[in-house]
There are 2 protein chains.
Amino acid sequence: MADYTNETKMLLAVDCIIFGFDGENLKILLIKRGFEPEKGKWSLMGGFIQENESLDEAANKILLQLTGLDGVYLEQLQAFGDPQRDPKDRIVSVAYFALIDIHKYETQLNDRYHAEWFLVNEMPKLVFDHGNMVEAAKQKIRYKAALHPLLFELLPRKFTIPQLQSLYEGVYNTRIDNRNFIRKLTSTGLLIKLEEKDKSNSKKGAFYFKLDKKKYKAKFQAFLNFIPNPENLIS
Amino acid sequence: MADYTNETKMLLAVDCIIFGFDGENLKILLIKRGFEPEKGKWSLMGGFIQENESLDEAANKILLQLTGLDGVYLEQLQAFGDPQRDPKDRIVSVAYFALIDIHKYETQLNDRYHAEWFLVNEMPKLVFDHGNMVEAAKQKIRYKAALHPLLFELLPRKFTIPQLQSLYEGVYNTRIDNRNFIRKLTSTGLLIKLEEKDKSNSKKGAFYFKLDKKKYKAKFQAFLNFIPNPENLIS
DNA sequence: ATAAATAAATGTCTAATTAACGTTTATTTA
DNA sequence: TAAATAAACGTTAATTAGACATTTATTTAT
């Protein structure tokens, strides 16, 4: 260890778990792998880290390539480094998860990667350890969103309370009492009610809300406890 | 990206932030770097990841080398990959943090590394981005220990309530009401009271407790909320 | 014009938790 | 036996969380 020069160098990758919400269900963006090994199998979007880029930069680049989106919520999840995780070579991969507004997603840009949205609960088997990465990401989101207003990153600029609630219900796979849910939400002061209604799902229509960005930033780190009895949910 | 063969390989390291508690203060174990660059400066204990070992294995190995300890609490913190973080070469480092019972620490084993315990609040400047790593680790511990009984990993088999309290007070740099603290603790059912007293700090003496290992494992993931108003503390 | 259908929006009460607060107790030493 | 020391202990008030059912706005069909 007295010198660097005869240490083994390795391939370093980033892989992105990209979540989206279509207004009803939580989805994940996968691609058909275009090269060996495991060509043709479903996979996370990833790439090798270049000499001159940081991990965050690499992850953002990949996200931009696949979705055409810039400035999305992106967080490092974990490094995965089992020596056998890729059968062809030793590759350590730093996994990132992204939360995007699915409506902003540009289909043209990604078509060359054969990208497709899947319901998180109906995902195909993934290559290598990508299934583990997705599991870890789901757990992390569940954990974090129970305490912080993370899931707003998945919503479009204006959204309705029923949408928001079904998002939480989807992420935690549970039913939430809507009166308590609304009370909790409004007490955060994060929501601004708009005039307009979304009438696509009911005759009465549901009011649109938007996020108070300032308060969102200010309160993001606070422990807001969005989920009742979280210890019964987080496994 | 169609093939691996002409991608750049890099050096991959792990660095360990090792925390200990001496019964009064939170401490961190540092070493004097024995090789260039930055030889003679204070540093985290780290090493390069070998061809055939996983990240966790590499971190455990380093921990064993430095402390002589096996089976300690070790958790991946984050990968650090700024291209300039090491001036000599591109090295991506996966940081781990460890919580050890300082009393089990064997001084003989580490002497060849010139290891030394420092109060976390009176640390020397560290090489490279190790200062950032320590900051991130401190934040993570603060975050996690507010919700999970993590800090017991720092304590010896038997410990007193006042010790436990000063541990929490040290980690959060705050005063905690001892009646509320005890009530919260005992309500978790994690503590088993022993007959024996520790009389080193008072005439009355403080009862020793030990951890109920079974309940500890069972409840570790539950949200126990050890810290009052955590949102006022976590920065 | 009215009734039926649909999903959205709303309020109250009870139980549980959290937070603030000062006094008594066990033991040693003078 | 008095003084000193730190440990151990309990109560109340305020806040928050959780359980629970009805009314409202609007559209569509009759």
Side-chain angles (χ1 to χ4, degrees), chain A residues 23-24 146-147 155 158-170 172 174-210 219 222-234, chain B residues 23-24 146-147 155 158-170 172 174-210 219 222-234:
Chain A
E24 289 184 4
L147 301 166
L155 293 170
K158 55 185 188 181
F159 51 85
T160 66
I161 301 281
Q163 270 169 25
L164 195 49
Q165 185 169 342
S166 72
L167 172 54
Y168 275 89
E169 290 182 340
Y172 293 96
T174 187
R175 304 251 101 201
I176 299 174
D177 180 275
N178 69 324
R179 292 155 291 185
N180 294 339
F181 183 71
I182 291 171
R183 174 155 17 92
K184 206 169 265 186
L185 269 173
T186 50
S187 79
T188 65
L190 257 40
L191 298 185
I192 298 170
K193 193 176 193 167
L194 304 178
E195 300 285 294
E196 195 187 352
K197 273 184 168 182
D198 167 27
K199 297 203 174 172
S200 60
N201 289 303
S202 81
K203 291 160 182 173
K204 183 175 178 181
F207 280 105
Y208 278 117
F209 288 79
K210 65 174 182 177
K219 289 202 170 183
F223 287 176
L224 296 170
N225 197 17
F226 284 99
I227 298 301
N229 301 321
E231 59 273 19
N232 299 335
L233 293 166
I234 310 294
Chain B
E24 288 184 3
L147 301 166
L155 294 169
K158 55 186 187 180
F159 51 85
T160 67
I161 301 281
Q163 269 169 24
L164 196 49
Q165 185 169 342
S166 73
L167 172 55
Y168 274 89
E169 291 182 340
Y172 292 96
T174 188
R175 304 251 102 203
I176 300 174
D177 180 275
N178 71 323
R179 292 154 292 183
N180 294 339
F181 182 72
I182 290 171
R183 174 153 16 87
K184 205 169 265 187
L185 269 173
T186 50
S187 79
T188 65
L190 256 40
L191 299 185
I192 298 170
K193 194 175 193 167
L194 304 178
E195 300 286 293
E196 195 188 352
K197 274 184 169 182
D198 166 28
K199 296 201 174 171
S200 61
N201 289 304
S202 80
K203 290 161 182 171
K204 183 176 178 181
F207 280 105
Y208 278 117
F209 289 79
K210 67 173 182 178
K219 289 203 169 183
F223 286 177
L224 295 170
N225 197 17
F226 284 98
I227 298 301
N229 302 319
E231 59 273 16
N232 299 335
L233 292 166
I234 309 294

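What you see below is based on every heavy atom in this structure, not just the backbone, and it leaves out hydrogens, waters and symmetry mates. Residue numbers begin at 1 in each chain, while the letters A, B, ... track the order of the sequences.
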>> Please pick, from D:dG18, C:dT18, C:dA7, the nucleotide with the shortest atom-to-atom distance to any side-chain atom of B:Asn225.
In response: C:dT18
>> The side chain of B:Ser202 is closest to which nucleotide in this list: C:dA9, D:dA7, C:dT28?
In response: D:dA7
>> What is the distance, to the nearest angstrom, from the CZ atom on B:Phe207 to the C1' atom on D:dC9?
In response: 13 Å
> Quick one: B:Lys197 NZ to D:dA8 P, roughly how many Å, whole number?
Replying inline: 7 Å
>> Whether the side chain of B:Arg183 and the base of C:dT17 hold a donor-acceptor pair under 3.5 Å is what I'd like checked.
In response: no
>> Expressed as a whole number of angstroms, how long is the span from A:Leu147:CG to D:dA17:P?
In response: 12 Å
> For C:dA9, does either OP1 or OP2 sit under 4.0 Å from a side-chain N or O belonging to A:Lys204?
Replying inline: no
>> Rounding to an integer number of Å, can you tell me how far B:Gln165 CD sits from D:dA8 P?
In response: 11 Å
>> Check whether A:Lys219 reaches the backbone of A:Leu190 with its side chain - one donor and one acceptor, N or O, closer than 3.5 Å.
In response: no
> Of A:Leu194, A:Leu164, A:Ile192, A:Ile161, which meets side-chain contact (heavy atoms from CB on, under 4.5 Å) against A:Phe209?
Replying inline: A:Ile161
> Separation of B:Arg179 atom CZ from D:dG10 atom P, in whole Å?
Replying inline: 12 Å
> So which nucleotide does C:dT6 pair with, by the Watson-Crick or G-U wobble rule with both distances under 3.5 Å?
Replying inline: D:dA25
> OP1, OP2 of D:dG18 versus side-chain N and O of A:Lys184: anything below 4.0 Å?
Replying inline: yes
> Heavy atoms under 4.0 Å, any strand shown: does A:Ile182 hit a base, just sugar-phosphate, or nothing?
Replying inline: base
> With distance as the sole test, does B:Glu24 use its side chain to make a donor-acceptor pair with the main-chain N or O of B:Ser166 at under 3.5 Å?
Replying inline: no
> Under 4.0 angstrom, heavy atoms only, what part of the nucleic acid is A:Asn180 near: base, sugar-phosphate, or nothing?
Replying inline: base
> Considering heavy-atom distances to DNA chain C, does B:Leu224 or B:Asp177 have its closest nucleotide positioned more toward the 5' end?
Replying inline: B:Leu224
